[in-house]
Every structure is written in structure tokens, then in C-alpha cells.
Visitor: 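This is the structure I want to talk about, given as C-alpha cells.
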Amino acid sequence: MSAAPELHITLAGTQRAVAATTTAGQALEADGRTVIAALVNGEPRDLFWELGEGDTVEPITIDSEEGRAILRHSTAHVLAQAVQELFPEAKLGIGPPIENGFYYDFDVAEPFTPADLKSIEKKMQQIIKQGQRFDRRVVSDEEARAELATEPYKLELIGLKGGAGEAAEGAGVEVGADELTIYDNIHPRTGELCWKDLCRGPHLPSTRVIPAFKLMRVAAAYWRGKETNPQLQRIYGTAWEDKDSLKSYLTFLEEAEKRDHRKLGAELDLFSIPDEIGSGLAVFHPKGGVIRRVMEDYSRKRHEESGYEFVYTPHATKSTLFEKSQHLSWYAEGMYPPMQLDGGQDYYLKPMNCPMHNLIFDARGRSYRELPLRLFEFGTVYRYEKSGVVHGLTRARGFTQDDAHIYCTKEQMAGELDSLLTFVLDLLRDYGLEDFYLELSTKDPEKYVGGDEVWEEATAVLRQAAEKQGLELVLDPGGAAFYGPKISVQAKDAIGRTWQMSTIQLDFNLPELFDLEYTAADGSRRRPVMIHRALFGSIERFFAVLLEHYAGAFPAWLSPVQVVGIPIADEHVPYLREVAAKLRAEGVRVEVDAGDDRMQKKIRNAQKQKVPFMLLAGDEDIGKNAVSFRYRDGSQNNGVPVDEAVSQIVEAIRERR
């Protein structure tokens with residue numbers, strides 16, 4: 001009697017012999033709830049995946065990044081099944097997992113209502129409770145077209161096949177490059193086919209494994225992100241590995257909503273985006289203007305101390321400049337349409353400042369003695385963002401970059417990058433951000449200029465500079481701009497969200513395109529290295545990040561109103577005005593509330609406006625030539641001598657506490 005056939009696999013780093021028909025789940029002894037899928041030779045697979053000779057198997061747990069993505073994509077399938085059971089005419093778009101959740105797009109006659117979402121959630125709960133099994137099967141293109149003949153968007157993806165991921169964001173979860181697969185939802189008791197979808201997988205073993213989910217909202221979305229395509233209804237949801245994690249996430253969202261810079265901007269009278277001007281084009285009100293000016297002034301001061309020279313460039317230019325820089329070849333979709341002037345000459349609103357800075361460098365001969373040359377500009381640029389992605393100040397169509405371009409020799413390059421990254425991180429810390437990691441974006445093999453050797457050298461030098469900072473370094477393969485690799489500073493805010501802040505891009509290519517040269521010590525003509533650097537990214541976006549980070553309660557040095565004098569009664573107003581005059585003499589932004597409201601209402605008003613310091617005065621304070629401090633947190637310090645109060649406030653502002 002011959003022995004049963006065996007396979008040899010690697011599990012947890014150890015080689016093992018298993019039966020020939022062993023699945024990934026059996027090899028891992030997976031319970032299907034904690035371990036919900038497997039990595040087989042580095043590829044995510046269902047637990048039902050049959051193993052082959054020499055396979056390496058690792059577990060995917062539901063609380064891992066990959067596990068959550070599988071959970072969320074499985075929940076998206078349940079959402080789509082529920083929608084089609086309730087709305088049989090609904091046509092399916094795509095339903096990928098996204099950060100913290102998932103969505104699914106539908107073509108329906110009428111937009112979904114809040115009542116519809118409640119009905120869909122209820123139907124999803126029923127499907128989850130049934131414990132329908134996710135079964136994978138491979139199909140040919142012809143079989144897929146026959147089975148999905150009533151789904152026009154799926155048919156389009158089948159036609160795109162390997163290029164689907166590029167043609168439609170999120171479509172990569174539906175269609176792979178090699179083969180097509182359909183996932184059937186099977187009733188566990190009857191074996192009945194309940195629903196099916198075109199999908200690469202993997203999925204949870206069954207719907208019952210979905211522990212906690214919630215549908216969030218509905219939005220309109222163009223098919224494949226193109227405004228010329230049909231507009232679909234997109235339902236967003238979130239799913240987590242347990243109810244506590246879902247509850248924590250919903251609490252986080254509540255806090256994030258309170259901190260929304262658009263909401264705070266209106267409440268604190270900082271900025272607005274009037275319809276009369278246009279989407280993505282903000283105006284700053286006086287109080288917002290104060291914050292922005294202080295931000296810019298401090299940045300300007302630090303740049304001057306570090307040897308930067310300020311330049312100014314116009315908002316529009318002839319098309320020939322961006323033809324020379326190749327932005328019109330690579331970036332035209334992100335630019336506003338041209339204006340035809342001067343007998344048909346095309347002019348563009350500038351989307352970036354670097355080509356103009358190159359012209360400043362090239363305006364006269366340069367010597368090695370001038371290098372590194374650090375040019376800096378608060379330069380307003382214009383980029384045509386699609387209406388669906390414009391978002392307050394964080395994704396705008398007109399914004400001001402704190403843009404620097406450093407021209408140096410190759411010998412200076414490493415040292416310049418090292419000091420530049422230190423400068424960037426120190427300045428961000430001055431504004432109150434402390435938690436960073438670095439991201440290194442490397443060449444996009446389909447979209448770049450210059451030779452491979454140049455890119456390899458530039459990437460290596462950037463990596464060395466990043467590693468010196470002692471921060472976590474994350475790779476972003478293919479994420480670089482077409483002209484060079486970059487380091488991005490990623491900062492976490494007060495509630496743990498990550499924002500991309502400063503970018504530093506090393507560029508050997510634009511100097512070549514602009515034929516930039518300097519005279520070396522030996523008299524030869526050499527090409528400078530160019531470093532692009534935006535510290536805030538954009539002033540508007542950085543303003544929004546700080547507004548949300550501080551929940552509107554800016555530190556005293558950035559607050560539009562730093563002190564409010566609040567009299568106990570009308571007769572105490574003149575005294576507080578004298579105190580205010582002393583503060584103004586020290587450069588403090590101070591107001592005295594001489595209105596008709598009662599004292600308690602004035603205190604509430606100041607707290608709502610998040611003023612750092614309130615100075616109260618009544619008969620007793622005046623008798624002692626003192627004031628009573630009241631702080632934003634509600635604490636109070638009574639009877640502080642006026643000169644001491646002034647000194648405390650000035651010191652807190654000066655030290656940027």
C-alpha cells in the first residue's frame with residue numbers, strides 16, 4: 001500500500017511535509033476569524049487556496065493592514081449584494097478597500113437617501129448573519145462576459161483587463177493582469193448562489209466573519225474619475241476587526257469633524273471661499289490674515305538667518321517657458337487652460353515657480369563662489385484640480401507656496417541636503433508639530449526624464465540625508481516627480497492623522513533643460529545641482545493643518561487676538577485700556593471688550609474665539625494696580641500686578657509656548 005502523496009512547504013520559517021490537498025487555512029490551522037487569509041509566496045490568498053510544492057505560507061490576521069483591507073473589501077461585496085437585492089435595477093461599478101474603510105459605486109435612477117442607507121445596513125446585517133461563503137472560481141473572458149452581460153461597467157473592466165488598475169482608481173481589486181475570477185456568495189445550508197461579483201480577491205471565509213461595520217455617507221462619483229463619464233452613486237462605509245475598534249474610529253471622526261478647518265474657519269471668522277470667486281480659491285479675513293502674516297513673518301526671518309535670498313516672480317508666463325521645462329509635456333492636465341494674448345501667443349497661469357527661478361539664476365554669469373545659491377519666494381500658483389477633489393484649503397486651485405530652489409555644486413550636495421532637512425524639521429517643530437517620519441519617493445519607470453545613473457545617484461544621496469535624521473524612513477516606489485526623487489516629511493497631528501508637509505526634491509534634469517552653468521574654480525563651465533524645497537507645501541494647506549491640529553486654539557504667538565480685556569463693569573473700561581496700551585507697546589495684539597454684554601457673556605465670547613489670555617479688572621484689581629488672569633482652559637489667577645501680567649504675556653508669546 002503506497003503512502004499518501006505529500007507536499008513540502010515552508011511555514012513560520014520551518015519546512016514541513018503536508019498532504020497533497022492541504023489548503024492554506026489547514027496548514028495555518030486558521031480559525032477563520034483571527035487568521036482570515038494567507039500570504040502564499042508573498043501573494044494574499046483565501047484560506048481555501050490549495051498549496052503547491054515548495055510554497056511559503058504566512059498568516060494574515062484580521063487586525064493587520066492586509067487583513068483589514070480584506071475585511072473591508074468583503075464588506076463592500078456585502079454592501080453591493082444588499083443594494084442589488086433592494087434595488088434590482090442597480091448596476092455595479094467598483095468597490096475597493098480604502099484607508100479606514102471601503103466604498104462601492106452604483107448606477108441607479110435616483111440618488112440614495114439617508115433612509116435608503118438604513119435599509120441597506122439592515123439588509124447587510126441579514127446577509128452577514130446568514131454566513132454566506134465567499135467561493136472563488138476562475139473564468140475565461142467569454143464566460144465572464146456571458147455571466148455579467150447585464151453589468152455594463154464590469155464588461156468595460158473585462159475589456160481593459162490588465163490595464164484596469166490604471167484606467168480606474170480602485171479597479172485593480174476587480175481585474176488582474178493574468179486571469180479573471182468571480183467570487184460567488186453561497187448560502188451555507190442550501191448551497192444556493194446568492195450573489196456574485198467580478199473580483200481578484202482574496203476574501204474572508206464567510207460573511208459571518210465581519211465583526212463590525214457602518215455605512216457612512218453617499219457621494220456622487222464619475223465612472224473612472226472622468227467628468228465625461230456617467231455620474232454614479234458612491235456609498236462609503238467602514239469596517240473593523242471588533243466593535244471597540246469601530247467605536248474608537250467613530251469617536252475619532254467626531255473629533256476630526258469638530259476640528260474641520262472649514263467649520264473652524266467660519267466660526268472664528270478666519271477665511272471663506274466665496275462662490276462668486278470660485279471653488280478652491282480662498283480669501284483670508286482680517287483675523288486669518290493676522291495668523292497667515294505671523295506664520296510668513298517667522299518663516300521669512302528663519303530663512304534670512306539661514307542665508308536665503310528673496311525673489312518675486314509673476315503669476316503668468318508665455319507657454320514657451322513651460323515647454324522648455326517640459327511641464328506642458330508632463331503636467332498639462334493640472335494647469336489652467338491658456339490665455340491667448342499678443343496676437344495669439346499662449347500665456348499660462350503658473351502651476352509652479354521653479355522655471356522662473358531658473359531664469360533668475362541664468363540672468364547673469366554665476367561663479368562657484370556664489371554657491372550654494374538659495375532662492376526663496378512666497379509664490380502664488382494655480383493648478384486646475386477637479387471639482388471632486390477640491391477640499392477647503394487643503395486641496396485648492398490657487399495657493400501660495402513657500403518655495404525655495406537651491407543651486408549648488410555636486411560636492412556641496414550632500415551637506416546641503418543634510419542641513420536643509422534639519423532646517424525643515426526644526427522649523428516645523430517651531431510651529432508645534434513634533435511627530436514625524438520621512439518618505440522617499442523613487443523614479444516612476446513610465447514617467448521620468450534624465451538617465452538612470454543620475455536617478456540612482458540622486459536617490460542614494462537623498463537616502464543618506466534622510467537616514468541621518470534618525471527618523472523612520474518609508475519607501476514610496478514610483479512616487480517621484482518626473483524630474484527627480486524626493487523626500488517628503490510626514491507629520492502627525494494632535495489626533496494622530498498624518499499630513500504630508502515639506503518636500504525636498506533633488507534635480508539634475510532641469511539644470512540640463514535650461515542649460516544652467518556656473519564657472520568652477522579651474523575656470524571650466526559646470527552644471528549646478530538643483531534642489532526643490534517647499535517647507536509648508538502651501539501656506540493655505542499648512543494654515544489648515546495647524547488650525548485642525550490646535551482645534552482653533554492657536555498658541556499665543558499665532559493667535560489673531562492674544563489678549564482680551566474684560567471689565568467687571570463699564571467704569572473699569574478706561575483702566576483696562578491703559579493696560580492694553582502697555583501690551584500694544586510690546587507688540588501684543590489686544591482688544592478691550594467695551595460692549596453691552598454682561599461680564600460672563602464676554603468671557604464666553606472670548607472662550608468661543610479661543611483667545612489665549614483674558615484680563616479681568618474690577619474695583620479690587622484697580623486698587624492694587626493689578627488684573628485677574630483667566631485662561632482658555634477656565635483656570636484663573638487673581639490679583640497679578642499689571643507689569644508682571646504684561647511680562648508673563650510677552651514672555652509666553654516670545655518663547656512661542
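These numbers come from a predicted model, not from an experiment.
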Visitor: How far apart are the closest heavy atoms of V592 and V573, and which atoms are they?
Guide: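 Looks like CG1-CG1, 4.3 Å.
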Visitor: Please determine whether a side-chain nitrogen of the Lys or Arg among R429 and D426 lies less than 4.0 Å from a carboxylate oxygen of the Asp or Glu.
Guide: yes
Visitor: Taking the six-membered ring for Trp and the single ring otherwise, decide whether the centroids of Y312 and F310 are under 6.0 Å apart.
Guide: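 Between Y312 and F310, the centre distance exceeds or equals 6.0 Å.
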Visitor: Ion pair present between R302 and D430, side-chain N to carboxylate O less than 4.0 angstrom?
Guide: yes
Visitor: Could you check whether R657 pairs with E651 (Lys NZ or Arg NE/NH1/NH2 to Asp/Glu carboxylate O, under 4.0 Å)?
Guide: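 Answer for the salt bridge query: yes.
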Visitor: Is there a side-chain contact between L232 and Y222, using heavy atoms and a 4.5 Å cut-off?
Guide: no
Visitor: What I want to find out is whether E305 reaches K301 closely enough, with some N-O distance under 4.0 Å, to be called a salt bridge.
Guide: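 Looking at E305 and K301, the cut-off is met.
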Visitor: Evaluate the side-chain proximity of V563 to E591: yes if any heavy-atom separation is below 4.5 Å, no if none is.
Guide: no
Visitor: Between K263 and E257, does any NZ, NE, NH1 or NH2 come within less than 4.0 Å of an OD or OE carboxylate oxygen?
Guide: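 A salt bridge is absent here (no side-chain N lies under 4.0 Å from a carboxylate O).
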Visitor: Inspect the contact between E385 and R397 and indicate whether a charged nitrogen and a carboxylate oxygen are less than 4.0 angstrom apart.
Guide: no
Visitor: On a heavy-atom basis, which atom in Q401 and which in G537 lie closest, and how many Å separate them?
Guide: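 What the structure gives for the nearest pair is CG-O, 3.3 Å.
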Visitor: Is it the case that S559 and W557 place a side-chain donor and acceptor less than 3.5 Å from each other?
Guide: no
Visitor: Which pair of non-hydrogen atoms, one from K287 and one from V561, has the smallest distance, and what is that distance?
Guide: CE-CG2, 4.2 Å
Visitor: Taking the basic N atoms (NZ, or NE/NH1/NH2) and the acidic carboxylate oxygens, is any pair closer than 4.0 Å for E439 and K486?
Guide: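 No, this pair does not count.
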Visitor: Under 3.5 Å, is there a donor-acceptor pair linking the side chains of Q125 and E121?
Guide: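 No - no donor-acceptor pair under 3.5 Å links their side chains.
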Visitor: Within this structure, what is the CG-NE2 distance for the pair L547 and H261, rounded to the nearest 0.5 Å?
Guide: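 Between atom CG of L547 and atom NE2 of H261 there are 7.5 Å.
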Visitor: Check for a donor-acceptor pair, side chain of Q562 on one end and backbone N or O of R589 on the other, with a separation under 3.5 Å.
Guide: yes
Visitor: Any ion pair linking E578 and K582 (charged N to carboxylate O, less than 4.0 Å)?
Guide: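 The answer is no: the pair does not qualify as a salt bridge.
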Visitor: Does a side-chain heavy-atom distance below 4.5 Å link I603 with M614?
Guide: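 I603 reaches M614 side chain to side chain.
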Visitor: Determine whether a donor-acceptor pair (N or O, by modelled atom type, separation under 3.5 Å) exists between the side chain of S279 and the backbone of D275.
Guide: no
Visitor: Can you see which heavy atom on R395 is nearest to which on V389, and at what distance?
Guide: CG-O, 3.1 Å
Visitor: Using every non-hydrogen atom in the two residues, find where V83 and A90 come nearest and quote the distance to one decimal.
Guide: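 The answer is CG1-CB, 3.9 Å.
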Visitor: For the aromatic rings, using the six-membered ring if either is Trp, is the centroid distance between Y104 and F106 under 6.0 Å?
Guide: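 Yes.
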Visitor: Is it true that the side chains of T380 and T400 contain a donor and an acceptor less than 3.5 Å apart?
Guide: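 Looking only at side-chain atoms, T400 and T380 do form a donor-acceptor pair, the distance falling under 3.5 Å.
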Visitor: Closest approach of I273 and G278, non-hydrogen atoms and distance?
Guide: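 It is CG2-O, 3.7 Å.
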Visitor: For this output row, return yes or no: ring centroids of F376 and F378 closer than 6.0 angstrom.
Guide: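 Close enough - the centres of the two rings lie under 6.0 Å apart.
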Visitor: Would you kindly say whether T113 and D116 are connected by a side-chain donor-acceptor distance under 3.5 Å?
Guide: yes
Visitor: Please evaluate residues L546 and L558 with respect to the criterion side chain to side chain contact (heavy atoms under 4.5 Å, CB included), reporting the C-alpha separation (whole Å), side-chain torsions for both, the decisive distance (0.1 Å), and the verdict.
Guide: CA-CA 10 Å; L546 289 186; L558 283 172; 4.2 Å; yes
Visitor: Keeping R383 on the side-chain end and M335 on the backbone end, is there a donor-acceptor pair under 3.5 Å?
Guide: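 No, R383 side chain to M335 backbone: no donor-acceptor pair under 3.5 Å.
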Visitor: Under a 4.0 Å N-O cut-off, is there an ion pair linking R292 with E540?
Guide: yes
Visitor: Is the positively charged end of R72 above the ring of F102, judged by distance under 6.0 angstrom from the centroid and angle within 45° of the axis?
Guide: no
Visitor: Is the centre of the F87 ring less than 6.0 Å from the centre of the F112 ring?
Guide: yes
Visitor: Is there a donor in the side chain of Q607 and an acceptor in the side chain of N605, or the other way round, less than 3.5 Å apart?
Guide: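 There is no such pair between these side chains.
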Visitor: May I ask you to check whether F543 and F284 place their ring centres under 6.0 Å from each other?
Guide: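 Yes, close enough.
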Visitor: In sequence, state the C-alpha distance, the side-chain angles, and the governing distance for K386 and E227, and then conclude on salt bridge (Lys or Arg N to Asp or Glu O under 4.0 Å).
Guide: CA-CA 9 Å; K386 292 180 180 178; E227 295 178 4; over 6 Å; no
Visitor: Just by distance, no angles: are the side chains of S272 and H285 close enough, under 3.5 Å, to form a donor-acceptor pair?
Guide: yes
Visitor: Among W499, Y431, Y298, exactly one meets ring pair (Phe, Tyr, Trp, His ring centres under 6.0 Å) together with F536. Which residue is that?
Guide: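 Answer after filtering W499, Y431, Y298: Y431.
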Visitor: With no hydrogens and no angle check, do the side chains of T313 and E377 hold a donor and an acceptor under 3.5 Å apart?
Guide: yes
Visitor: May I ask you to decide whether D402 forms a salt bridge with R300, counting only side-chain N to carboxylate O separations under 4.0 Å?
Guide: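 Salt bridge between D402 and R300, a charged N being under 4.0 Å from a carboxylate O: no.
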Visitor: Could you check E548 against R497 for salt bridge (Lys or Arg N to Asp or Glu O under 4.0 Å), going step by step and ending with a plain yes or no?
Guide: CA-CA 10 Å; E548 296 197 9; R497 295 171 301 182; 2.8 Å; yes
Visitor: Quiz question: by atom type and distance under 3.5 Å, do the side chains of Q233 and D105 form a donor-acceptor pair?
Guide: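 D105 and Q233 do not have a side-chain donor-acceptor pair below 3.5 Å.
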